J.: 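Here it is, the structure in full.
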Amino acid sequence: MLIKELTLTDFRVYAGINHFNLAPEKNFGKTRPIILFGGLNGAGKTSILLGVRLALYGRLCLGSTVSQKRYDEFLLDALHHSKETDRSANQASVELTFTYAKLGTENQYHVLREWQRKGSSVKETLTILEDGTLIKGLNYDQAQNFLNELIPAGVSDLFFFDGEKIAQLADDTGGAALEQSIKKLLGLDVVERLSGDLTVLNRNLTKRSSAQEIRAQIDSEQSNLQDCRTRVESIRQEITTARVQRAEIQDRANKIQKRIDDRGGHFSTSRTQLIDELSELQDKREHLVSQINSLVSDTAPIALAEEFCARTETQIESDLNLHSLLQERRIHEEYRTKLIESLDSKLSEDTLSIVLNGLDTLNRSSKDRSLDQPIHDLTPSQASHLFTTFNQARKQRKEVSTLFASLEKIEAALDEIGASLARAPDDSLIATDFENLQQLQQKLGRLDAEIDTLRKSGKETAYEAVDIARRLDRLYETAAKLSDQKRVLDYINNANGLLTDYVDQTAKAKIQDLEVQFTECFAKLARKEDLELQIRIDPKTFHVSLLSGRGREIAKDELSAGEKQIFAIAVLEALAKTSGRQLPMIVDTPLGRLDSEHRTKLIEGYFPTASHQMIVLSTDTEVDEAFYSALSPDISRAYKLEYDPKAGATQVREGYFWQKKETN
């Protein structure tokens, strides 16, 4: 299969007609398999993948269990909504042109899937052209089955996948995701459904053809099962009735509670608590008053004359300095007198004059200054005591201020409690309402207990029904041996046996091939040269074991996040190769959790060789300028998707993030 063209019309973020040429080109005789889409998150990369899957599979593009209603909602949501006009398109379509070779013959198919809003519903049509000619005589379901047979949806999951599929395989520690992929590859999901249908047919035939005795037992057990169903339904109705009664009583209780609250009942219910709080606050107030009185009777009042205290401190410091200078001058004069008396007879008059001048120079600053007499004749010890008193007064003033603030809060709380106590009504006025409310609450408690009992009874009845169903299964098995349609039942059993043998042989052959393919794929993508990872798959349980190069079993958690990503991509490539189908690959944001070395391995060893057509949907941080340069020899064309938030639409330009050629 080779996808040649994709056209999206008013689909999701794509306004109007958006045409994409996806056919790989040849350059110097070499096919360039890669078609690269670049866009930031929300630009519409995933819509490209979804558009291809929608064109081919319709409702199955959302999963095999999606209802028609959910699919119709999806189609309506997929209609492009313009932010400029605040209106949605009335119709949209996806078109896919591809070639497909079957039995040596290649045909070109054009699939047009379009839908139109019809009020609150949607009308969808599907048109298929083969080699330019409409395939006639197919209704919608037949046309969809034609596409499903051409390219089964289960197999396409191995070729059209996104980062979520990679992450699911990478983070899957129990092997459930890989098991589902292997079953889709082998077609075992279809076999399982066929086996289940045969089992249902077996049971229905057995029921119709069982012997009289077994039939009687089956009828009895079926009657018991029906009785269980009746009892469960009765219990369900009783629970519903009890819930209705409870809702009515709760409503009455709420009204009474509101009436009590409106009359101040909530104050009455907390009267004792309020009185206790009042007593506690009064004790705190007395304690604060005592502390304030103690501080006021100490030095705190002095701090009220802060300016006086400051002037006094300044004056005392000045007086202490003056005392010191006077003392220095007195000592100097005494020493000068003694020096004159000692040196007068020993030195000449000129020499003595020089000595005295030098001595006077040393004390000139003190000598030249005119000194007044101190105002406060205090010793340093007395001054220090006075300074300490002033500082203690300031500190106590702050403490008094803090205590007064606390006292104001307590006084306010006392006023509020007093008001609350004043608002509390007389108990006799609301006693009846309180009594009625208490009775209703008791009824609610009894109803809750009754509902709980009914639930337990319902569970027990359900368990009983399960046991009866198991006994019925055993009776059906016994009846099968006595059936007069044993020949038909034997055919069914033989068919199931053949299916089992088919599953065993197919699984064994394909799984061996898958193990070899995985080893090769992982080896070329792994960053660590010494990490020779292999897988072993149990063909019956599909349990997957990871083995090192030396055969040691390793846990999935031993791999780094990047190695898990590479593991998942290697699994997908191995599954695709094992399928034997030549299908394009569409990969959406595959490099999110890979480091640079793993990305390089993927760029060099996966994208250019994994398929004859590789459509890569990437952000600028995944395939950056360096990786784009490495991929460029294998790129046929690139598209850049630019989302305009004002218009709510994506513009498509041919080229990558570094090119600006606009396409249709």
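Please read these numbers as outputs of a predicted model, since none were measured by experiment.
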J.: What pairs with K123 under salt bridge (Lys or Arg N to Asp or Glu O under 4.0 Å), at least two apart in sequence or on another chain?
T.: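 Residues passing salt bridge (Lys or Arg N to Asp or Glu O under 4.0 Å) with K123: none at all.
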
J.: Is it the case that the side chain of D251 and the backbone of A247 share a donor-acceptor pair, with hydrogens and angles ignored and the cut-off at 3.5 Å?
T.: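 Not a single qualifying donor-acceptor pair exists.
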
J.: Can you tell if the side chain of D283 reaches within under 4.5 Å of the side chain of S279, non-hydrogen atoms only?
T.: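 Side chain of D283 against side chain of S279, heavy atoms only: contact under 4.5 Å found.
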
J.: Report yes or no: does Y14 contribute a side-chain atom to a donor-acceptor pair with the main-chain N or O of A649 at less than 3.5 Å?
T.: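 Side chain of Y14 to backbone of A649, a donor-acceptor pair under 3.5 Å: no, none is there.
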
J.: Would you confirm whether E248, through its side chain, and Q245, through its main-chain N or O, come within 3.5 Å as a donor-acceptor pair?
T.: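 Side chain of E248 to backbone of Q245: no pair is present.
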
J.: Show the nearest heavy-atom pair for residues A55 and R113, with the distance to one decimal.
T.: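 A55 and R113 have their closest heavy atoms at O-NH2, 3.1 Å.
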
J.: Closest heavy-atom contact between L76 and S120?
T.: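 Where L76 meets S120 most closely, the heavy atoms are CD1-O, 3.6 Å.
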
J.: How far apart are the C-alpha atoms of I218 and Y476, what are their side-chain angles, what is the distance that settles it, and do they pass the side-chain contact (heavy atoms from CB on, under 4.5 Å) test?
T.: CA-CA 8 Å; I218 290 176; Y476 287 139; 3.7 Å; yes

J.: Would you be so kind as to tabulate the donor-acceptor pairs closer than 3.5 Å made by side chains of residues 455-469, with sequence neighbours excluded?
T.:
{"from": "T461", "atom 1": "OG1", "to": "S457", "atom 2": "O", "distance (Å)": "2.9"}
{"from": "E464", "atom 1": "OE1", "to": "R231", "atom 2": "NH2", "distance (Å)": "3.0"}

J.: Nearest 0.5 Å, please: how far is OG in S545 from CD in E553?
T.: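 Separation between the atoms: 4.0 Å.
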
J.: Can you tell me if T241 uses its side chain to pair, donor with acceptor, with the backbone of Q237 under 3.5 Å?
T.: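 A pair under 3.5 Å: yes.
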
J.: Could you check whether any side-chain N or O of T240 sits under 3.5 Å from a backbone N or O of R236, counting only pairs where one atom can act as donor and the other as acceptor?
T.: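 At least one qualifying donor-acceptor pair exists.
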
J.: Ignoring hydrogens and angles, tell me if any N or O in the side chain of D227 forms a donor-acceptor pair with the backbone of S223 under 3.5 Å.
T.: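 Checking the backbone N and O of S223 against the side chain of D227, no donor-acceptor pair under 3.5 Å is found.
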
J.: Is T650 reaching over with its side chain to a backbone N or O of A43, donor-acceptor style, under 3.5 angstrom?
T.: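 Indeed, once roles are kept as given, a pair shorter than 3.5 Å links the two residues.
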
J.: Quick one: does L617's side chain get under 4.5 Å of I586's, heavy atoms only?
T.: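 A side-chain contact under 4.5 Å exists here.
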
J.: Taking K646 first and then E84, would you say they form a salt bridge - that is, a charged N and a carboxylate O separated by under 4.0 Å?
T.: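 Looking at K646 and E84, the cut-off is not met.
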
J.: At their closest point, which heavy atom of K45 faces which heavy atom of D588, and how far apart are they?
T.: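 Heavy atoms only, the tightest pair is CB-OD1, 4.1 Å.
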
J.: Starting at CG of L444, measure out to CD of Q439 and round the result to the nearest 0.5 Å.
T.: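 Rounded to the nearest 0.5 Å, the CG-CD separation comes out at 12.0 Å.
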
J.: Short question: side chain of S121, backbone of R117 - any donor-acceptor pair under 3.5 Å?
T.: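 Here the side-chain-to-backbone pair does not exist.
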
J.: Take R243 and L447 through the side-chain contact (heavy atoms from CB on, under 4.5 Å) test and state the conclusion after the steps.
T.: CA-CA 8 Å; R243 284 177 174 172; L447 281 173; over 6 Å; no

J.: Any chance CD of Q438 has more than 12 other-residue heavy atoms, nucleotides or ligands included, within less than 6.0 Å?
T.: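 Result for CD/Q438: open.
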
J.: Give, for atom CZ of R394 and atom NZ of K398, the distance between the pair rounded to the nearest 0.5 Å.
T.: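 One gets 9.5 Å once the value is rounded to the nearest 0.5 Å.
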
J.: Are any non-hydrogen side-chain atoms of F74 and L54 less than 4.5 angstrom apart?
T.: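 With C-beta onward as the side chain, the pair touches.
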
J.: Which pair of non-hydrogen atoms, one from G42 and one from V13, has the smallest distance, and what is that distance?
T.: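 For G42 versus V13, the nearest heavy atoms are O-CG1, 4.5 Å.
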
J.: Give a yes or no on this: more than 12 heavy atoms of other residues, nucleotides or ligands lie within 6.0 Å of atom OH of Y140.
T.: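 Yes, enclosed.
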
J.: Looking at side-chain heavy atoms only, is the closest gap between I48 and L8 below 4.5 Å?
T.: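 Answer yes - side chains close enough.
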
J.: Please report the interatomic distance CG(L147) to OH(Y57), rounded to the nearest 0.5 Å.
T.: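 These two atoms lie 8.5 Å from each other.
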
J.: Side chains of L414 and R285: does their closest heavy-atom pair fall under 4.5 Å?
T.: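 The answer is yes; the side chains approach within 4.5 Å.
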
J.: Which heavy atom of S93 sits nearest to which heavy atom of E114, and what is that distance?
T.: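 Looking at all heavy atoms of both residues, the closest pair is CB-CB, 3.5 Å.
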
J.: Answer whether the closest heavy-atom distance between the side chains of E221 and L225 falls below 4.5 Å.
T.: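 No, their side chains stay 4.5 Å or more apart.
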
J.: Salt-bridge test for K284 and E280: reply yes if a basic N is under 4.0 Å from a carboxylate O, no otherwise.
T.: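 Between E280 and K284 there is a salt bridge, with a charged N closer than 4.0 Å to a carboxylate O.
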
J.: What heavy-atom pair brings S47 and R12 nearest, and what distance separates the two atoms?
T.: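 In terms of heavy atoms, the two residues are closest at OG-NE, 2.7 Å.
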
J.: In terms of side-chain geometry, is the basic nitrogen of D448 or R246 positioned less than 4.0 Å from the acidic oxygen of its partner?
T.: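 Judged by the 4.0 Å cut-off on N to carboxylate O distance, D448 and R246 do form a salt bridge.
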
J.: Do R70 and S67 have side chains that approach each other closer than 4.5 Å (heavy atoms only, starting at C-beta)?
T.: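 The answer is yes; the side chains approach within 4.5 Å.
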
J.: Tell me if the CZ atom of R536 is crowded by more than 12 foreign heavy atoms within 6.0 Å.
T.: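 Result for CZ/R536: enclosed.
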
J.: Can you find a pair of side-chain heavy atoms, one from Q222 and one from Q226, that are under 4.5 Å apart?
T.: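 Sidechains of Q226 and Q222: no contact.
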
J.: So, S294 side chain and S290 main chain: donor-acceptor pair closer than 3.5 Å or not?
T.: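 Pair absent, no side-chain N/O of S294 close to backbone of S290.
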
J.: How many angstroms lie between CH2 in W115 and CG in D10, if you round to the nearest 0.5 Å?
T.: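 Output value for this atom pair is 9.5 Å.
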
J.: Got a second to check how far L403's CG is from Q396's CD, nearest 0.5 Å?
T.: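 Those atoms lie 10.5 Å apart.
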
J.: Do E124 and Y71 pair up side chain to side chain, a donor and an acceptor below 3.5 Å, judged on atom types alone?
T.: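 The answer is yes; a qualifying pair exists.
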
